[in-house]
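Contents: one structure, followed by commentary.
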Amino acid sequence: MSIDWAALGQVFGVSLAVTVGFVGVFTLGILGTSRKAQPAEAGPGATSTTPGASATAGAALGPARLGAYACFALCAAAVAYGINLIVA
């Protein structure tokens with residue numbers, strides 16, 4: 001019996017890269033959904049008394065939340081592809 005060390009190293013490297021990438025994308029998704037809306041003009045310790053301030057601060061979260069959902073969709077696609085490889 002002979003072990004092909006080059007192929008084993010290649011599998012290890014690809015597995016490590018995909019795992020780190022998968023965890024990174026999932027972490028970006030969690031980070032994007034955990035953002036809280038903050039008033040743009042408020043300094044440290046200041047409170048906003050403007051009624052529409054939270055609506056304008058929340059509008060800036062749209063791209064972050066959309067990016068987070070895209071990260072989660074990418075993770076779901078990777079999991080579905082892995083299940084497809086195992087079942088087939």
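Keep in mind that what you see is a predicted model, and the values were worked out from it rather than measured. Just so you know, residue 1 is the first one in the sequence shown, and it goes up from there.
Minimum interatomic distance between Gly29 and Ala68 (heavy atoms only, all atoms of both residues): O-CB, 3.3 Å. The two residues Val25 and Cys75 come nearest to each other via the heavy atoms CG1-SG, 3.9 Å.
Expressed to the nearest 0.5 Å, how far CZ of Phe72 lies from CD1 of Ile30 amounts to 5.5 Å. Rounding to the nearest 0.5 angstrom, the gap separating the CD1 atom in Ile86 from the OH atom in Tyr81 is 11.5 Å.
The environment of Phe26 atom CZ is sparse: at most 12 non-hydrogen atoms of other residues, nucleotides or ligands sit within 6.0 angstrom.
Taking the side chain as every heavy atom from C-beta outward, Phe22 and Val79 approach each other to under 4.5 Å.
Linking Ile, Leu, Val, Met, Phe, Trp and Tyr residues whenever their side-chain heavy atoms come within less than 4.5 Å leaves Val20 and Leu28 in two separate clusters.
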